[in-house]
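All residue numbers refer to positions in the sequence shown, counting from 1.
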Amino acid sequence: MIGRAPRWPTIVLGVFGFIWIIPIVGIVMTSIRPLSETARGWWRTDSFTLTLSAWQRVWEAYPLAPAFVTTAILAALATAGTMLLTPAAAYAFHFLKFPFRRLLLIIIINAFVLPQQVVIIPLFQLWRELGLIDNFLAVLIPYVGLSFAWSIFLVKNFLEDFPTEVVEASRIDGAGPVQTFWHIVLPNSLSSVFATGILQFLWTWNALLLPLLYLRTNVPLPVILARVNGTYELNWDLQSVAAIVTTVVPLAVFLIFQRQFAAGAETRTGAKD
């Protein structure tokens with residue numbers, strides 16, 4: 001039939017989707033079966049025993065509940081800080097005129113290629129002198145600061161398609177830069193802000209290096225997951241439980257806010273059709 005969509009894209013995507021969920025099924029099966037069975041292959045069904053002993057052992061041996069709360073607090077604060085500061089910075093770099101604007105923007109964006117391993121030692125020395133070791137600020141400040149490299153670029157790329165006539169009209173009406181940003185630019189760029197927030201939340205939720213180095217008492221879930229990963233014992237069932245607890249929230253956040261993420265990825269405003 002003329003105009004009928006081909007079926008092969010659906011089939012190809014279905015195959016890739018099936019392959020993608022195989023590891024997830026394996027993790028779930030490993031967490032609810034004895035290690036003696038899953039060690040021979042989690043896909044084997046010749047002997048199948050359902051048990052929640054791994055879940056009980058993980059919750060008793062490791063502080064998953066406090067780590068969950070710590071991870072939620074760190075991710076929420078870092079995401080909020082990025083969502084508040086990034087739009088203002090992108091607006092300033094795109095619409096305002098000030099000395100060394102392009103140079104500063106190039107320096108900030110070039111930090112995107114800077115690995116975290118380069119800054120951990122200077123930051124550790126700085127936090128030790130300031131007494132911020134084992135303090136949430138020791139990871140929150142790098143979380144927000146390092147995110148500027150990509151978040152400002154993302155929102156500024158969105159503002160490239162923003163109609164400048166609207167901004168100029170607000171200036172003619174007597175609105176200052178802050179009023180123009182708050183009442184004109186920000187309400188029409190929320191999709192890119194939400195996309196930035198989702199990416200920041202996923203990154204900070206799964207971050208391991210900075211909390212592992214700077215936090216001692218209250219540690220997030222990725223650090224607990226690294227501790228569950230034993231060196232001399234096969235504790236795949238415990239690792240599977242910790243992995244499920246660690247990934248369930250980012251997956252839920254992405255599913256709930258996927259429309260905002262897709263809208264932000266388009267980098268377009270509603271003024272242009």
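- Contact check for P177 versus F95: no side-chain heavy atoms found under the 4.5 Å cut-off.
- Atom CH2 of W203 has more than 12 neighbouring heavy atoms from other residues, nucleotides or ligands inside a 6.0 Å radius.
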- Query: Under the side chain to side chain contact (heavy atoms under 4.5 Å, CB included) criterion, do F124 and I133 qualify, and how do the steps go?
  - Reply: CA-CA 8 Å; F124 185 86; I133 296 297; 3.8 Å; yes

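- No side-chain donor-acceptor contact under 3.5 Å links R102 to the backbone of P99.
- Side-chain atoms of E37 come within 3.5 Å of backbone atoms of T49 as a donor-acceptor pair (strictly under, hydrogens ignored).
- W8 and F18 sit in two unconnected hydrophobic clusters of ILVMFWY residues. Membership requires side-chain heavy atoms under 4.5 Å apart, directly or through other members.
- Residues V178 and L190 are members of separate hydrophobic clusters, defined by side-chain heavy-atom contacts under 4.5 angstrom among Ile, Leu, Val, Met, Phe, Trp and Tyr.
- A heavy-atom distance below 4.5 Å is not found between the side chains of D237 and T38.
- With contacts defined as side-chain heavy-atom distances shorter than 4.5 Å, the pair P211/V219 does not qualify.
- Side-chain atoms of T71 come within 3.5 Å of backbone N or O of L221 as a donor-acceptor pair.
- Linking Ile, Leu, Val, Met, Phe, Trp and Tyr whenever their side-chain heavy atoms come within less than 4.5 Å puts V69 and V253 in one cluster.
- Minimum interatomic distance between L140 and A78 (heavy atoms only, all atoms of both residues): CD2-N, 3.9 Å.
- Contact of the F136 side chain with the T70 side chain is registered, since non-hydrogen atoms from C-beta on lie closer than 4.5 Å.
- Residues R101 and L105 fail the side-chain proximity criterion, which asks for heavy atoms closer than 4.5 Å.
- Using modelled atom types, one side-chain atom of R33 and one backbone atom of W42 make a donor-acceptor pair closer than 3.5 Å.
- Between T82 and P87, the shortest heavy-atom distance links the atoms O-CD, 4.0 Å.
- Shown here for T246 and P250, the closest heavy-atom pair between the two residues is O-CD, 3.3 Å.
- L215 places none of its side-chain heavy atoms less than 4.5 Å from the side chain of V223.
- With a 6.0 Å radius and a threshold of 12 heavy atoms from other residues, nucleotides or ligands, F16 has its CZ atom at or below the threshold.
- Here CG of L104 is found 5.5 Å from CZ of F93. Values are rounded to the nearest 0.5 Å.
- Ring geometry, F68 versus W205: the interplanar angle exceeds 60°, so the pair is classed perpendicular (tilted spans 30 to 60°).
- Here CH2 of W150 is found 4.5 Å from CG of L199. Values are rounded to the nearest 0.5 Å.
- Under the 4.5 Å side-chain contact rule for hydrophobic residues, V139 and L84 do not share a cluster.
- Taking CG from L126 and CG from L132, the interatomic distance works out to 7.5 Å, rounded to the nearest 0.5 Å.
- Within the 3.5 Å criterion, the main-chain N or O of V144 finds a donor-acceptor partner in the side chain of S147.
- Put simply, the side chain of S170 gets close to the backbone of V167: a donor and an acceptor are under 3.5 Å apart.
- Within the 4.5 Å cutoff, no side-chain heavy atoms of F158 are placed close to those of V193.
- In this structure, I108 CD1 and I152 CD1 are separated by 4.5 Å, a value rounded to the nearest 0.5 Å.
- Atom-to-atom distance recorded for L123:CG and L146:CG is 7.5 Å, nearest 0.5 angstrom.
- The shortest non-hydrogen separation linking F162 to V185 is CZ-CA, 4.0 Å.
- Under the 4.5 Å side-chain criterion, counting only non-hydrogen atoms from C-beta, T204 is not in contact with L74.
- Taking all atoms of both residues into account, the shortest heavy-atom contact from L238 to A54 is CD2-O, 3.6 Å.
- Grouping the Ile, Leu, Val, Met, Phe, Trp and Tyr side chains by contacts below 4.5 angstrom, directly or via other members, places I21 apart from I19.
- Neither side chain, S151 nor T196, offers a donor N or O lying under 3.5 Å from an acceptor on the other.
- Side-chain atoms of Y214 come within 3.5 Å of backbone atoms of I120 as a donor-acceptor pair (strictly under, hydrogens ignored).
- Counting heavy atoms of neighbouring residues, nucleotides and ligands inside a 6.0 Å radius, atom CD1 of I121 does not exceed 12 of them.
- A pairwise comparison of heavy atoms in Y143 and A207 identifies OH-CB, 3.2 Å as the closest pair.
- T86 contributes no side-chain N or O that, together with a main-chain N or O of M83, makes up a donor-acceptor pair within less than 3.5 Å.
- Residue T51 holds its OG1 atom at 9.5 Å from CD1 of I32, rounded to the nearest 0.5 Å.
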